[in-house]
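Everything numeric here is computed off the predicted structure, so don't read it as measured data. Sequence positions, counted from 1, serve as the residue numbers for this chain. Heavy atoms only: backbone and side chains are in, while hydrogens, waters and symmetry mates are out.
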Amino acid sequence: MRRAPSTFALVLMLVAAALLLALALSGALQRRFGRQVVGDSYGRLAVATALATDELASRPHDPAARQVLGSLHLLGVQLSHAQPPAPSVRRLAPALAAVARTVGTVLGDPTRVVATQTPDSQLWIRSTHDPARWIVLRTPSYRPRLLDSALLLSVLAGLIALSAAGLAARLLTRPLERLAVQASALLAGAPTGPGLEGSPREVRRLADAIGDAGERLRGAARERELMLAGISHDLRTPLARLRVALELGDAGDPGRRAAMVADLDELDRALEQCLAFVREGRDEALQSTDLPTLAGQLLALRVQPDEWQLEGPAGLVAPVRPILLRRALGNLMDNAERYGGPPFAVSLAHETGAIELRVTDHGTGAAPELLPRLGQPFLRGAASRGGCGSGLGLSIAARAARLHGGELLLANRPGGGFVATVRLPLPPR
């Protein structure tokens, strides 16, 4: 299998490619604009030199004019009465062509200007006073030296930029390498190591996210272990009673038969709670639901509906997962009947930015030391309130509240009894 490149190599290659592209574009733009600048500035100087030389050449008897012409000759300015210059033997340099175009434009007659490369660069300008006379300007080529200098500068700039990019890439990727080394430990619950101190904010957030994911995975594993232990414990007792009843042949006794049916119902409820706890209800879509109607349907299904009261405004509609919320509210009502005492009540309240569903009873309440732990899977309140159950009712209700973005609040009532509140946030309008 082909080994994938490291992040450092990818970043470095990407930066190197960007630098090469930038240098290429810079070189192309430099050549283009440099050619324009050279053509314009040197062309105007050439026009001025040619006009001055032509004027001086028209005064052959002036000693001062002859002296200046001699000085110009030493600088590469010559006068020629030869025929038009021979054609170039080499490709005309772009800069020389630009200078010739500028000279022809300034003079107003491009036919008076001829540029040659034989092999020296020369600019021939026809005299205004004598059409047979040419002013020849030698234009030494600095192109090789300019190219060498530009290439050297580009190479040096590229090396400096690449070194800086390599250092930046190393500073960026080193925290990721350290995070990759510590990822397994973070998933296992270890604290963030010292190697991640001073890392960028995104790396620290990623480390925290990995730690949170590990905590959720460990929590799910613990819940699975608790569920398996709870199932084995909850199913063992009714199964043992059924086995004894079958061995004793009590199936014909109506009382024994009713007890066996009750054991089967208990097994069915325990399995239903375990399945509901495993499914979670994440795949259920949100639906606009009338909460008083949902609560009223649950009250109508109670064994003693007269012991229950429904309080709150009518027509309270909210986007919820109705099946999940119905199961959660039903579990809270089962707990109230199992552990508390009548009268019972389901209250709905529309608070600021949230909806609260409260299930209250008038029993003895829960032990204060047990309150912080209520809602953990397979934790029963029987130690203080008596009763049976699978220990998953409050866990399912708490998970339902979290899946709605809310929370489950459990507390003892000041006047006696217990209140369970499902607080659901309302989406912004």
Side-chain angles (χ1 to χ4, degrees), residues 216 219-220 222-224 226-227 230-231 234 269-284 286-287 289 291-299 301-302 308 310-312 316 318-340 344-349 351 354-361 363 365-367 370-382 384-385 387-413 417-426:
R216 288 195 296 270
R222 288 193 297 268
E223 289 180 356
R224 285 194 297 269
L226 286 173
M227 185 180 65
I231 289 177
D234 292 340
R269 287 193 298 270
L271 290 176
E272 182 181 0
Q273 290 284 64
C274 290
L275 290 175
F277 183 74
V278 171
R279 291 194 187 104
E280 293 187 348
R282 295 180 184 272
D283 54 347
E284 185 182 0
L286 292 173
Q287 300 180 24
T289 305
L291 299 182
T293 301
L294 185 147
Q297 293 172 351
L298 290 174
L299 263 64
L301 297 176
R302 309 314 300 176
W308 285 88
L310 179 60
E311 303 171 353
L316 187 57
V320 298
R321 295 176 171 88
I323 298 177
L324 182 62
L325 186 60
R326 183 181 290 109
R327 182 180 294 118
L329 193 58
N331 288 340
L332 295 179
M333 297 170 72
D334 290 340
N335 279 1
E337 290 180 341
R338 182 178 296 120
Y339 300 122
F344 308 106
V346 176
S347 304
L348 289 85
E351 304 291 340
I355 292 178
E356 291 188 352
L357 294 85
R358 304 186 188 95
V359 177
T360 58
D361 65 66
L370 192 63
L371 274 176
R373 300 169 54 204
L374 286 179
Q376 296 179 4
F378 299 102
L379 176 66
R380 295 178 174 85
S384 62
R385 303 175 74 182
C388 54
S390 64
L392 289 175
L394 291 179
S395 300
I396 294 174
R399 179 175 290 178
R402 288 195 299 270
L403 287 178
H404 284 87
E407 57 181 341
L408 175 66
L409 305 175
L410 305 173
N412 289 321
R413 296 178 67 250
F418 192 76
V419 56
T421 304
V422 177
R423 183 177 177 86
L424 306 178
L426 287 175

Participant: Any donor-acceptor pair under 3.5 Å linking the side chain of His404 with the backbone of Arg321?
Facilitator: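 Such a contact is found between His404 side chain and Arg321 backbone.
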Participant: Excluding sequence neighbours, so at least two apart, what forms side chain to side chain contact (heavy atoms under 4.5 Å, CB included) with Thr360?
Facilitator: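 Only Ala345, Arg413, Val419 meet the side chain to side chain contact (heavy atoms under 4.5 Å, CB included) criterion with Thr360.
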Participant: Could you check whether Glu351 pairs with Arg358 (Lys NZ or Arg NE/NH1/NH2 to Asp/Glu carboxylate O, under 4.0 Å)?
Facilitator: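 Answer for the salt bridge query: yes.
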Participant: So, does Asp361 use its side chain to make a donor-acceptor pair with the main chain of Phe418 at under 3.5 Å?
Facilitator: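 Flag set: sc Asp361 to bb Phe418 pair under 3.5 Å.
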Participant: Does CD1 in Ile323 sit with more than 12 non-hydrogen atoms of other residues, nucleotides or ligands closer than 6.0 Å?
Facilitator: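 No, not enclosed.
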Participant: Show the nearest heavy-atom pair for residues Pro425 and Gly405, with the distance to one decimal.
Facilitator: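 Of all heavy-atom pairs spanning Pro425 and Gly405, the closest is CG-O, 3.3 Å.
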Participant: Do any N or O atoms from the side chain of Asn331 and from the backbone of Ala397 form a donor-acceptor pair under 3.5 angstrom?
Facilitator: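 No; judged by distance alone, with no hydrogens or angles, the pair does not exist.
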Participant: Just how far is it from atom OH of Tyr339 to atom CG of Asp334, taken to the nearest 0.5 Å?
Facilitator: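 So the OH of Tyr339 and the CG of Asp334 are separated by 10.0 Å.
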Participant: For a 4.5 angstrom cut-off between non-hydrogen side-chain atoms, does Val320 reach Leu291?
Facilitator: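 Yes; the side chains approach each other to less than 4.5 Å.
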Participant: Please report the shortest heavy-atom distance between Pro292 and Leu348, naming the atom on each side.
Facilitator: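 What the structure gives for the nearest pair is N-CD2, 3.7 Å.
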Participant: Considering all heavy atoms of both residues, which atom of Gly330 and which atom of Leu298 are nearest to each other, and what is their separation?
Facilitator: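 Answer, listing the atom of Gly330 first, then Leu298: N-CD1, 4.0 Å.
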Participant: Take Val422 and Glu356 through the test side-chain contact (heavy atoms from CB on, under 4.5 Å) and record every step on the way to the result.
Facilitator: CA-CA 6 Å; Val422 177; Glu356 291 188 352; over 6 Å; no
Participant: Going by the rule side chain to side chain contact (heavy atoms under 4.5 Å, CB included), which residues pair with Gln287 if we only count those two or more places apart in sequence or in a different chain?
Facilitator: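 If we apply the side chain to side chain contact (heavy atoms under 4.5 Å, CB included) test to Gln287, skipping adjacent residues, the hits are Thr289, Pro322.
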Participant: If you round to the nearest 0.5 Å, how far is CG of Leu325 from CG of Leu403?
Facilitator: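 One gets 11.5 Å once the value is rounded to the nearest 0.5 Å.
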Participant: Whether Glu337 and Arg302 form a salt bridge (side-chain N of Lys/Arg under 4.0 Å from carboxylate O of Asp/Glu) is what I want to check.
Facilitator: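 Here Arg302 pairs with Glu337 in a salt bridge, since their nearest N and O are under 4.0 Å apart.
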Participant: Might you point out which heavy atoms bring Phe344 and Ala336 nearest each other, and give the distance in Å?
Facilitator: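 Residues Phe344 and Ala336, closest heavy atoms: CE2-O, 3.3 Å.
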Participant: Please report the closest heavy-atom contact between Leu310 and Ala295, naming both atoms and the distance.
Facilitator: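 Closest heavy-atom pair between Leu310 and Ala295: CD1-CB, 3.8 Å.
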Participant: Just wondering, do Met333 and Leu299 contact through their side chains at under 4.5 Å, heavy atoms?
Facilitator: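 Touching, per the 4.5 Å side-chain cut-off.
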Participant: For the residue pair Leu408 and Leu394, what are the closest heavy atoms and their distance?
Facilitator: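 For Leu408 and Leu394, the tightest heavy-atom pair comes out as CD2-O, 3.7 Å.
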Participant: Using the side-chain contact (heavy atoms from CB on, under 4.5 Å) rule, take Thr421 and Leu357 through it: C-alpha gap first, then chi angles, then the decisive distance, then the call.
Facilitator: CA-CA 6 Å; Thr421 304; Leu357 294 85; over 6 Å; no
